[in-house]
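Reminder, nothing fancy here: chain letters follow the sequence lines and each chain counts from 1. All values reported here derive from a predicted model rather than from experimental measurement.
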There are 2 protein chains.
Amino acid sequence: MADGGGGGGQGDGGSFLPPSIEAAWGLRERPSKGPKPGLTLDRIVDAAVALASAEGLGAVSMGRVAKELGASTMSLYRYVSAKSELYVLMQEAATGAPPELFPPGTGWREAVEAWAWALREVYHRNLWMLRVPVSGPPATPNLVAWWEKALVALEPTGLDAGAKISVTMLLGGFVRNDALVMADLDTVIASGGADPEEVLARYGRTLRRLADPERYPEVARMLDSGVMDSVDEPTAEFRFGLARILDGVAALVEGRAV
Amino acid sequence: MADGGGGGGQGDGGSFLPPSIEAAWGLRERPSKGPKPGLTLDRIVDAAVALASAEGLGAVSMGRVAKELGASTMSLYRYVSAKSELYVLMQEAATGAPPELFPPGTGWREAVEAWAWALREVYHRNLWMLRVPVSGPPATPNLVAWWEKALVALEPTGLDAGAKISVTMLLGGFVRNDALVMADLDTVIASGGADPEEVLARYGRTLRRLADPERYPEVARMLDSGVMDSVDEPTAEFRFGLARILDGVAALVEGRAV
DNA sequence: ACAGTAACGCGTATGCCATACGCAGTACGG
DNA sequence: CCGTACTGCGTATGGCATACGCGTTACTGT
């Protein structure tokens, strides 16, 4: 697929998308030849998403998805040219279109907060999404729509284009990372068979046993302070981080940035 | 690795950790019975790290690591009980002990900035680390040492224990996420055979072709503004995000938080 | 009407992967 | 000098993505 040295730039202006991704943008052409397909992309993607939701991304193998649909493994490759394509479509489907988050005229901070919470919700409903190996920048309709919403929310800030992009990336990254932590905890719980309290308690006990207080005085103080012993409200960490970031953005908007 | 002190052996029996992880804390006992081992954990971990650095985490299979060492696949399981253990040890080794980042008495902001940049450096030197599937919270010496350094950096803020933990998690997550974006870009480049400019340009072209300006007006404006057409200095995004977050933390420290 | 052909489902095969199991050899403690 | 704990490792199992090609189907141009 790598074009050779002599080939030069693609003159046709076309970056080739796999047919399945073009289908996601509504550009599919009905082939009108051959036998009628026994499956549809949507059915495949839905089955894969259901499987991921129920048993985690690890359960999503081509064979397993096919079995779920009563088809054979290889038949899926008539709809998708590789598993990574299925991943992209799964993310697009599970993300969905962004809801009405804020009426026009909403202040930027309130709007951005609504956006972040809504995105958090999407991730939390689909923790498997955080395990999908990356393939490229988001180039499917719903993902672009979420990005659009973030930019709209930032309209009232008056920041320039570059800054707005940077803020959306900072926020998106924050939300994603917060969800990733949740997904990791979830994995540990699922594989270790313990509730969150127990996982945290065990971690504290392990560290207390292993980490020499002379070498790690601050960590030791943390452990002794008891902060590690209880589980906060699950949104506390998100609330905290979001507030800090938005305070920082506010400083930029108001020209108080360092 | 093994510090000379040798102490720290809590006699409380119940050890929940796999032997290889205990070895990382210097708690290994020389078995002194059977034949002399032909390998060492360190050699195995080093080989795995070298492989990951050179060819990506995907190249790290038990068979491949063994081949690199001139041993058989299964012999590795005498040193490590599962591949996930190897992953943990690889991260611990590649992370290394945190360097001297700031002298005592340094202001919190400067100290935290130094910490974040140093951590970024670690990730960028070992992008494969961001692909390691998670197993649990960081419980190896070097990772705890990095956490300790962050807490020390935050000492002068006077924040309470809970807030300090939250700030370290926010910062750590930010650095990690920034590196993840870089790793993703790296993956795309490696698999697509194009330089960063080309990847970005292709992305812009694709979006321009697919994203209807009526449905995505702000995105369209972004694309037209030309911000997407050039590649910034690679640290620009990191610098921006870090400044925003630290401004937000500063507001908290100074009691100006919303 | 009918051949040509494109798209279909899918069986088979290849080459990876982690790892359970057990065997044969080794070196120290008694 | 023997038991035993430990070693390396060959083999086997069950999973995975996916390349390839076969037989079949249903539309299209003649």
Side-chain angles (χ1 to χ4, degrees), chain A residues 1 18-20 22-23 28-45 47-48 51-52 55-90 128 131-133 135 191, chain B residues 18-20 22-23 28-45 47-48 51-52 55-90 128 131-133 135 187 191:
Chain A
M1 207 50 184
S20 68
E22 296 214 314
R28 188 167 25 181
E29 287 176 28
R30 177 60 87 84
S32 90
K33 240 0 196 337
K36 274 192 306 185
L39 298 172
T40 61
L41 247 185
D42 283 347
R43 287 225 303 141
I44 294 171
V45 171
L51 208 44
E55 303 180 38
L57 194 66
V60 178
S61 69
M62 298 304 271
R64 183 68 194 283
V65 172
K67 184 168 295 178
E68 223 70 23
L69 292 165
S72 79
T73 305
M74 290 314 291
S75 64
L76 301 194
Y77 284 94
R78 292 286 178 196
Y79 300 84
V80 137
S81 80
K83 196 184 179 185
S84 62
E85 259 178 62
L86 180 55
Y87 280 152
V88 170
L89 297 172
M90 287 172 68
W128 54 266
R131 306 281 177 221
V132 175
S135 49
S191 75
Chain B
S20 68
E22 295 215 313
R28 189 169 25 179
E29 286 177 28
R30 176 66 78 85
S32 90
K33 211 48 190 302
K36 275 191 306 185
L39 298 172
T40 62
L41 247 184
D42 283 348
R43 286 226 304 142
I44 294 171
V45 171
L51 208 43
E55 302 180 38
L57 194 66
V60 178
S61 69
M62 298 303 273
R64 183 67 195 283
V65 172
K67 184 169 295 178
E68 224 69 24
L69 292 164
S72 81
T73 305
M74 290 313 293
S75 64
L76 301 193
Y77 285 95
R78 294 285 176 198
Y79 299 83
V80 138
S81 80
K83 197 184 179 184
S84 62
E85 258 178 63
L86 180 56
Y87 281 152
V88 170
L89 297 172
M90 286 171 69
W128 53 266
R131 305 282 176 222
V132 174
S135 51
T187 300
S191 74

May I have the step-by-step check of side-chain contact (heavy atoms from CB on, under 4.5 Å) for B:Val132 and B:Met90, ending in yes or no? CA-CA 9 Å; B:Val132 174; B:Met90 286 171 69; over 6 Å; no

Check the distance between D:dA17's C1' and A:Leu86's CG and give it to me in whole angstrom. 12 Å

At under 4.0 Å between heavy atoms, which parts of nucleotides 22-30 of chain D does protein reach? Answer with one letter per nucleotide, 5' to 3': B base, S sugar-phosphate only, - none. ---BSBS--

Heavy-atom pair of closest approach, residues B:Leu86 and B:Met62: CD2-SD, 4.2 Å

In whole Å, I'd like the distance from the OH atom of B:Tyr79 to the C1' atom of D:dT7. 7 Å

To the nearest Å, how far apart are B:Leu41 CG and D:dT7 P? 11 Å

Ignoring hydrogens and angles, tell me if any N or O in the side chain of A:Tyr79 forms a donor-acceptor pair with the backbone of A:Leu39 under 3.5 Å. yes

Spacing between B:Leu76 atom CG and D:dC6 atom P, to the nearest angstrom: 19 Å

If you compare every side-chain N and O of A:Tyr77 against the phosphate oxygens of D:dC20 (OP1, OP2), does one of them come in below 4.0 Å? no

Gap between atom OH of A:Tyr77 and atom CD of A:Glu85 - 0.5 Å precision: 10.5 Å

Please figure out whether B:Ser84 or A:Leu39 has its closest DNA chain C nucleotide nearer the 5' end. A:Leu39

Answer with base, sugar-phosphate or nothing: what part of the nucleic acid does B:Met62 contact at a heavy-atom distance below 4.0 Å? sugar-phosphate

Can you list every pair that meets salt bridge (Lys or Arg N to Asp or Glu O under 4.0 Å) and has a residue in residues 61-79 of chain B, with sequence neighbours left out? B:Glu55-B:Arg64, B:Arg64-B:Glu68

Figure out the CZ/P separation between A:Arg64 and D:dA17, and round it to whole Å. 12 Å

Could you tell me whether B:Ser75 contacts a base, only the sugar-phosphate backbone, or nothing, with contacts defined as non-hydrogen atoms closer than 4.0 Å? base

Can you tell me how far the CD atom of B:Glu22 sits from the CZ atom of B:Arg28, to the nearest 0.5 Å? 11.0 Å

Heavy-atom pair with the smallest gap, counting every atom of A:Leu41 and A:Val80: CD2-CG2, 3.9 Å

Rounded to the nearest 0.5 Å, how far does CD1 of A:Ile44 lie from CG of A:Leu76? 5.0 Å

Reading DNA chain C in the 5' to 3' direction, which nucleotide is the first one with an atom under 4.0 Å from a heavy atom of chain A, and which is the last? C:dG4 to C:dT12

Shortest non-hydrogen contact from B:Ala48 to B:Val60? O-CG2, 3.6 Å

